[in-house]
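Worth knowing before you read on, the calculation uses all heavy atoms, side chains too, and leaves out hydrogens, waters and symmetry mates.
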Amino acid sequence: MARKGAPAKGRKDRTRGREEREPFAAPVDSGRAELIPDRERPDGWTLLLDGAPQSHVDLGDPAHLSFAYQRRLGHVIDLAAPPLQPLHVLHLGGGAFTLARYAAATRPRSTQQIVEIDAALVRLVRERLPLDPQARVRVRSVDAREGLAKLPDGWADLVVADVFSGARTPAHLTSAEFLTDVRRVLKPSGQYAANLADGPPLAHLRGQVATAAAVFPELALAADPVVWRGRRFGNAVLLASALPLPVAEFTRRVASDPHPGRVEHGRALTDFTGGAAVVTDAAAKPSSAPPPSVFEDL
């Protein structure tokens with residue numbers, strides 16, 4: 001591990017005339033954070049929290065998205081409005097600010113807010129993986145629902161939820177009441193996108209789709225085929241809106257990813273829920289805990 005105070009971008013190797021980066025670890029409010037250099041990308045870093053990968057960021061190329069779920073959320077950002085049009089984006093969950101960097105790079109002059117409860121993590125990312133000073137990104141260290149509640153009606157073109165505590169989505173961010181406040185903050189044409197994680201028998205995922213359907217009339221869900229079939233734990237990206245979604249183009253892009261995924265919507269997505277109940281604050285539970293084997297090769 002790097003000594004405390006060593007810059008994330010590494011130290012100079014005088015014999016080879018290049019920078020050699022080292023892993024870095026530090027305690028944060030939610031546990032132990034690690035920054036692991038990407039050996040294939042000279043400015044790439046992976047953020048782990050208590051051993052679970054949270055974000056990948058390339059400081060030299062913020063438009064590069066490494067994780068499959070981040071690529072799918074990147075497609076959502078790309079399709080939210082015509083190319084280069086600035087957006088108002090709310091990010092619930094910060095990680096390494098990967099998607100805020102992406103939106104700033106691909107849609108200059110966008111106005112973005114990140115809500116990340118872990119203030120120590122925010123300080124670490126700001127210091128070790130600094131944001132472009134030209135990016136219009138504000139970061140607030142409060143609970144996601146508290147931060148959401150402070151935004152005015154109709155502020156956001158896009159709300160992105162990517163919140164995990166101990167590799168699980170907190171219970172209070174899974175309910176219809178939470179999604180009702182998300183819809184309040186969205187513009188009439190705005191979209192909500194969430195990174196969800198679940199494994200067999202996909203009870204959490206089915207419940208989240210049913211809950212979103214109670215608040216938003218238009219839904220789509222993207223996931224790897226093996227996740228759809230309930231064969232392994234993995235991520236799914238839920239997309240929701242009051243207006244019709246760009247399902248055909250979203251489907252094409254997800255299918256063209258390095259790790260191709262499948263998108264379901266309409267009747268097929270309704271059938272997928274299998275009659276799952278709408279989640280309320282009173283009955284909400286955290287998402288499923290991932291099996292240890294999910295991270296053993298990382």
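Once rounded to the nearest 0.5 Å, the distance linking CG of Asp281 with NE2 of His172 reads 9.0 Å. Leu92 contributes atom CG, which lies 12.5 Å from atom CG of Asn195 (distance to the nearest 0.5 angstrom). Note that the CG atom of Leu35 and the OG1 atom of Thr46 stand 9.0 Å from one another [nearest 0.5 Å].
In plain terms, the two heavy atoms of His204 and Ser288 that are nearest each other are CB-OG, 4.0 Å. Counting all heavy atoms, side chain and backbone alike, Thr280 lies closest to Ser175 at C-CB, 3.7 Å. Minimum interatomic distance between Gly93 and Ile114 (heavy atoms only, all atoms of both residues): O-CG2, 4.3 Å. Nearest heavy atoms, Asp78 versus Arg107: O-NH2, 2.9 Å. Taking each heavy atom of Ala210 and Val278 in turn, the nearest pair found is O-CG2, 3.8 Å. For Gln112 against Leu99, the heavy-atom pair with the smallest separation is OE1-O, 4.2 Å.
With no hydrogens or angles considered, no side-chain donor-acceptor pair links Asp58 and Tyr102 at under 3.5 Å. Side chain to side chain, Asp162 and His91 fail the donor-acceptor criterion of an N or O pair below 3.5 Å. Side chains of Thr111 and Arg136: a donor on one and an acceptor on the other come within 3.5 Å.
Both Leu158 and Tyr69 sit in one connected hydrophobic cluster of ILVMFWY residues. Membership requires side-chain heavy atoms under 4.5 Å apart, directly or through other members. Both Leu186 and Phe178 sit in one connected hydrophobic cluster of ILVMFWY residues. Membership requires side-chain heavy atoms under 4.5 Å apart, directly or through other members. Cluster membership check: Val163 shares its hydrophobic cluster with Val142, using side-chain heavy-atom separations under 4.5 Å among Ile, Leu, Val, Met, Phe, Trp and Tyr. Clustering ILVMFWY residues whenever any of their side-chain heavy atoms sit less than 4.5 angstrom apart, transitively, puts Val139 in a cluster other than the one holding Leu90. Both Val76 and Leu87 are members of a single hydrophobic cluster when ILVMFWY side chains are connected at heavy-atom separations under 4.5 Å.
Taking a cutoff of 4.0 Å between a charged side-chain nitrogen and a carboxylate oxygen, Arg72 and Asp224 qualify as a salt bridge. A salt bridge does not link Asp198 with Arg206: every distance from a Lys NZ or Arg NE/NH1/NH2 to an Asp or Glu carboxylate oxygen is 4.0 Å or more. With respect to the salt-bridge test (charged N to carboxylate O, under 4.0 angstrom), the residues Arg252 and Asp257 do not qualify.
The main-chain N or O of Gly190 is never found under 3.5 Å from a side-chain atom of Asp157 such that the two would form a donor-acceptor pair. Judged purely by atom type and a 3.5 angstrom limit, Thr211 uses its side chain to pair as donor or acceptor with the backbone of Val279. Although no hydrogens or angles enter the test, the distance criterion places a donor-acceptor pair under 3.5 Å between the side chain of Arg183 and the main chain of Val215. In this structure a side-chain-to-backbone donor-acceptor pair under 3.5 Å is present from Arg21 to Pro42. Using modelled atom types, one side-chain atom of Glu116 and one backbone atom of Gly94 make a donor-acceptor pair closer than 3.5 Å.
The aromatic rings of Phe216 and Tyr192 lie parallel to each other, their planes meeting at an angle below 30°, with 60° marking the opposite boundary.
Of the candidates Leu238, Val263, Leu239, Val237, Leu221 forms a side-chain contact (heavy atoms from CB on, under 4.5 Å) with just one, namely Leu238. Of the listed residues (Asp61, Val57, Leu59), just one forms a side-chain contact (heavy atoms from CB on, under 4.5 Å) with Arg41, and that residue is Asp61.
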Practice task
Please test Val160 against Leu73 for side-chain contact (heavy atoms from CB on, under 4.5 Å), starting from the C-alpha separation and ending with a verdict.
Solution key: CA-CA 8 Å; Val160 179; Leu73 289 171; 4.2 Å; yes

Exercise for the section: Quick one: do Arg253 and Glu249 satisfy salt bridge (Lys or Arg N to Asp or Glu O under 4.0 Å)? Show the steps, please. Expected result: CA-CA 6 Å; Arg253 295 189 181 208; Glu249 182 60 18; 2.9 Å; yes

Exercise for the section: Kindly determine whether Leu196 and Ser287 satisfy side-chain contact (heavy atoms from CB on, under 4.5 Å), including the steps that lead there. Expected result: CA-CA 8 Å; Leu196 308 174; Ser287 64; over 6 Å; no

Exercise for the section: Could you walk me through whether His265 and Leu219 pass side-chain contact (heavy atoms from CB on, under 4.5 Å), step by step? Expected result: CA-CA 6 Å; His265 69 289; Leu219 301 178; over 6 Å; no

Practice task
Just do the side-chain contact (heavy atoms from CB on, under 4.5 Å) check on Glu146 and Arg140 with the steps written out, would you?
Solution key: CA-CA 10 Å; Glu146 180 182 344; Arg140 303 187 63 219; 5.6 Å; no

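Counting heavy atoms from C-beta on, the side chains of Arg232 and Val227 come closer than 4.5 Å. Annotation: side chain of Arg101 is in contact with side chain of Leu131 (closest heavy-atom distance under 4.5 Å). Side-chain contact between Arg71 and Val254 is absent, with no heavy-atom pair separated by less than 4.5 Å. Under the 4.5 Å side-chain criterion, counting only non-hydrogen atoms from C-beta, Glu264 is not in contact with Phe272.
The environment of NZ in Lys187 is crowded: more than 12 heavy-atom neighbours from other residues, nucleotides or ligands sit within 6.0 Å. Counting non-hydrogen atoms of other residues, nucleotides and ligands closer than 6.0 Å to CZ of Arg231 gives a total of 12 or fewer.
Aromatic ring centres of Phe24 and Trp45: separated by at least 6.0 Å.
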